[in-house]
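All ligand and atom numbering here is 1-based and tracks the order in the structure. Residue numbers run from 1 in the order of the sequence given.
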Amino acid sequence: MSHIVVTGGAGFIGSHCCVELLQAGAQVTVLDNFCNSKPEALHHIAKITGICPALAQLDLCDESAVSSFFAANSVDAVIHFAGLKAVGESCRIPLTYYHNNLTGTLHLLRAMAENGCKTIVFSSSATVYGMHNTAPFTEDMPTSATNPYGWTKQMIEQILMDTAAADPDWAIVALRYFNPIGAHPSGLIGENPNGIPNNLVPYVARVAEGTLERLSIYGDDYDTPDGTGVRDYIHVVDLAKGHLCALEYAKTHHGFEAINLGTGNGASVLEVLHAYEQACGKSLPYVIAPRHAGDIATSFADPQKAKSLLHWQAESDLLTMCKDSWNFTLQQHP
Ligand code: NAD
Ligand code: UFG
């Protein structure tokens, strides 16, 4: 049985990945400092799978803790989700973002290398496609960033590429996620951000449950079919499954590979809102607001590389994603 360490395994995507790993028979250790999650996530994973993952509660920025962990444990591969992810916050406190995301990753890679564990799957983002490419985005397009969060993803990809180039024993897959939404069908794990959500679907969920009054749609004058922004929404369970395929791929392919995880389909803000209305059975109020600085009109993946290298493709449609989000939201207030 392989031993997989999941950094950030208590978070939104990491917890879904732990479920898939445990259900596939892996031994899982979650490495998390709970700066954006709660230990209860592990209980929920245990409820779904019947197995509680092991926990190493530590901060990746604590070099000696990370190094002691890898010295004391035999680890086959790491899936590295841990990081700070709020774009707006990253502009306000860039040094915190660079420190947490970059220093944490450097400590992790060094501890792995020192202990002979050289397989890692990294959470990158479609944000690396920047403002100047035209969708569908393919992995060979030039990458860039428009905010400190995006730069951390771009820089970590570079660090991983250089690491793989210097030592052919490394097997590294950077997965570029498009827009993960939805929740586990059990309704036990999902995305429940503190405060007012930044992202579309968590915001719409709050409007549907009545804790926020209405959605502000950031711009209806984009060059898109209905004028609102288009994104490639992907069910978080589909996304989690993609990580298992990436681990499988890394067993037989060394070097560095960046791979999109998206559906290949774009949906507009209005389409998402209408799908959510169908899922929750109510009409949801909205207003049109000004465009959000830094937003692009259209983002969606070319999912071909994931299909051919990982033998993976997304399965859920938008309505299923919204239904699972709503099911999770209802279970937050039993
Ligand atoms: P999340 O905030 O729910 O999960 C991140 C987890 O990492 C949290 O449990 C947090 O406590 C932990 N963490 C953060 N810094 C840490 C540190 N220094 N040491 C130990 N643990 C630490 O976020 P998520 O949505 O699950 O995202 C997971 C990863 O995927 C992130 O790297 C994120 O940037 C990336 N990503 C997310 C999205 C998205 O829309 N959710 C899109 C593209 C990429
Ligand atoms: N939107 C609204 N109103 C809101 C929130 C969002 O109209 O209250 C719109 C946005 O303008 C965009 C779409 O809904 O057109 C999706 O917005 P999200 O914030 O959910 O997602 P983004 O694509 O803007 O951002 C996501 C991640 C970022 C990542 C980026 C690029 O949240 O971390 O994808 O990969 F950098």
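Residue D59 has at least one heavy-atom neighbour below 4.0 Å for each of these atoms of ligand 1: 17 (C), 18 (N), 19 (N). With ligand atoms numbered from 1 in the order given, ligand 2 contributes 35 (O) to contacts under 4.0 Å with heavy atoms of A126. The contact set between ligand 2 and G229, taken as ligand atoms under 4.0 Å from a residue heavy atom, comprises 15 (O). Within ligand 1, the atoms closer than 4.0 Å to a non-hydrogen atom of S124 are 43 (C), 44 (C), numbered from 1 in the order shown. Listed by atom number, the atoms of ligand 1 under 4.0 Å from S123 heavy atoms are 29 (C), 30 (O), 32 (O), 35 (C). Near I217, the atoms of ligand 2 lying under 4.0 angstrom from a non-hydrogen atom of the residue are 7 (O). Numbered from 1 in the order shown, with element, the atoms of ligand 1 that lie under 4.0 Å from a heavy atom of F34 read 11 (O). Taking a cut-off of under 4.0 Å to the non-hydrogen atoms of N198, the atoms of ligand 2 that pass are 5 (C), 19 (O).
Closest protein heavy atom to atom 40 (O) of ligand 1: P180 CD, 3.3 Å. Remark: minimum distance from atom 28 (C) of ligand 2 to any protein heavy atom is reached at V87 CG2, 4.0 Å. From the protein, the heavy atom lying nearest to atom 27 (C) of ligand 2 is N199 ND2, 4.0 Å. With hydrogens left out, the protein atom closest to atom 1 (N) of ligand 2 is Y218 CD1, 3.6 Å, a heavy atom. Protein heavy atom at the shortest distance from atom 13 (C) of ligand 2 is Y233 OH, 3.5 Å. The closest protein non-hydrogen atom to atom 25 (O) of ligand 1 is K85 NZ, 2.8 Å. Among protein heavy atoms, atom 2 (O) of ligand 1 sits closest to N36 ND2, 2.7 Å. Among all non-hydrogen protein atoms, the one lying nearest atom 20 (O) of ligand 2 is L200 N, 2.9 Å. Protein heavy atom at the shortest distance from atom 15 (N) of ligand 1 is N100 ND2, 3.1 Å. Ranking protein heavy atoms by distance to atom 3 (O) of ligand 1, first place goes to F12 N, 2.9 Å. Looking only at protein heavy atoms, the nearest one to atom 27 (O) of ligand 1 is I13 CD1, 3.8 Å. Looking only at protein heavy atoms, the nearest one to atom 19 (N) of ligand 1 is L60 N, 3.0 Å. Among protein heavy atoms, atom 30 (C) of ligand 2 sits closest to T127 CB, 4.3 Å. Protein heavy atom in closest approach to atom 9 (C) of ligand 2: V269 CG2, 3.7 Å. Here the protein heavy atom with the shortest distance to atom 29 (C) of ligand 1 is F81 O, 3.2 Å.
At distances below 3.5 Å, at least one donor-acceptor pair connects side-chain atoms of T49 with backbone N or O atoms of I51. Of the possible donor and acceptor atoms, one in the side chain of T329 sits under 3.5 Å from a partner among the backbone N and O of S325. For the pair R176 (side chain) and G262 (backbone), a donor-acceptor distance under 3.5 Å is absent. N198 places no side-chain N or O within 3.5 Å of a backbone atom of V87 that could act as its donor or acceptor partner. Checked by atom type and distance alone, the side chain of N36 never pairs as donor or acceptor with a backbone atom of L84 at under 3.5 Å. Of the possible polar contacts, none joining the H44 side chain to the I189 backbone as a donor-acceptor pair under 3.5 Å is found. Put simply, the side chain of H235 never gets that close to the backbone of A314: no donor and acceptor are under 3.5 Å apart.
Salt bridge E248/K251: present, at least one basic N to carboxylate O contact under 4.0 Å.
At a 4.0 Å heavy-atom cut-off, ligand 1 touches K153 through the side chain alone. With a heavy-atom cut-off of 4.0 Å, S216 touches ligand 2 through its backbone alone. Contacts with ligand 2 closer than 4.0 Å are made by side-chain heavy atoms of L215 only, the backbone lying farther away. Only the side chain of Y149 comes within 4.0 Å of ligand 2, counting heavy atoms alone; its backbone N, CA, C and O stay farther away. Contacts of R231 with ligand 2, taken as heavy-atom pairs under 4.0 Å, involve the side chain alone. The proximity of N179 to ligand 2, defined as any non-hydrogen pair under 4.0 Å, is limited to the side chain.
S123 contributes atom OG, which lies 7.5 Å from atom CG of L175 (distance to the nearest 0.5 angstrom). In this structure, the separation between SG on C61 and CG on N33 is 8.0 Å, given to the nearest 0.5 Å. If you take CH2 on W151 and CD1 on I156, they are separated by 13.5 Å, rounding to the nearest 0.5 Å.
Around OH of Y286, the count of heavy atoms belonging to other residues, nucleotides or ligands within 6.0 Å does not exceed 12. The local environment of CZ in R110 is sparse, with at most 12 non-hydrogen atoms from other residues, nucleotides or ligands closer than 6.0 Å. Atom NZ of K305 has more than 12 neighbouring heavy atoms from other residues, nucleotides or ligands inside a 6.0 Å radius. Around NZ of K118, the count of heavy atoms belonging to other residues, nucleotides or ligands within 6.0 Å exceeds 12.
Annotation: S125 places an N or O atom under 3.5 Å from an N or O atom of ligand 2; distance criterion only. Polar contact check, S37 against ligand 1: a nitrogen or oxygen pair lies under 3.5 Å apart.
When V128, D295, I288 are ranked by how near their heavy atoms come to atom 11 (O) of ligand 2, first place goes to D295. Selection from L58, N33, T152, D32 by nearest heavy atom to atom 8 (C) of ligand 1 gives D32. Comparing heavy-atom distances from atom 33 (C) of ligand 1 across Y149, F178, Y233 singles out Y149 as nearest. Among C35, G14, G11, the residue whose heavy atom sits closest to atom 14 (C) of ligand 1 is C35.
Centroid-to-centroid, the aromatic rings of H243 and Y177 come within less than 6.0 Å.
The shortest non-hydrogen separation linking M131 to D295 is CE-O, 4.4 Å.
Classified by interplanar angle (parallel below 30°, tilted 30° to 60°, perpendicular above 60°), the ring pair H16/F12 is perpendicular.
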**Report entry** Worked verdict on T105 versus H80 for side-chain hydrogen bond (donor to acceptor under 3.5 Å, both in side chains)
**Finding:** CA-CA 8 Å; T105 302; H80 179 31; 2.9 Å; yes

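Between Y233 and the options L200, T263, N265, a side chain to side chain contact (heavy atoms under 4.5 Å, CB included) holds for only L200.
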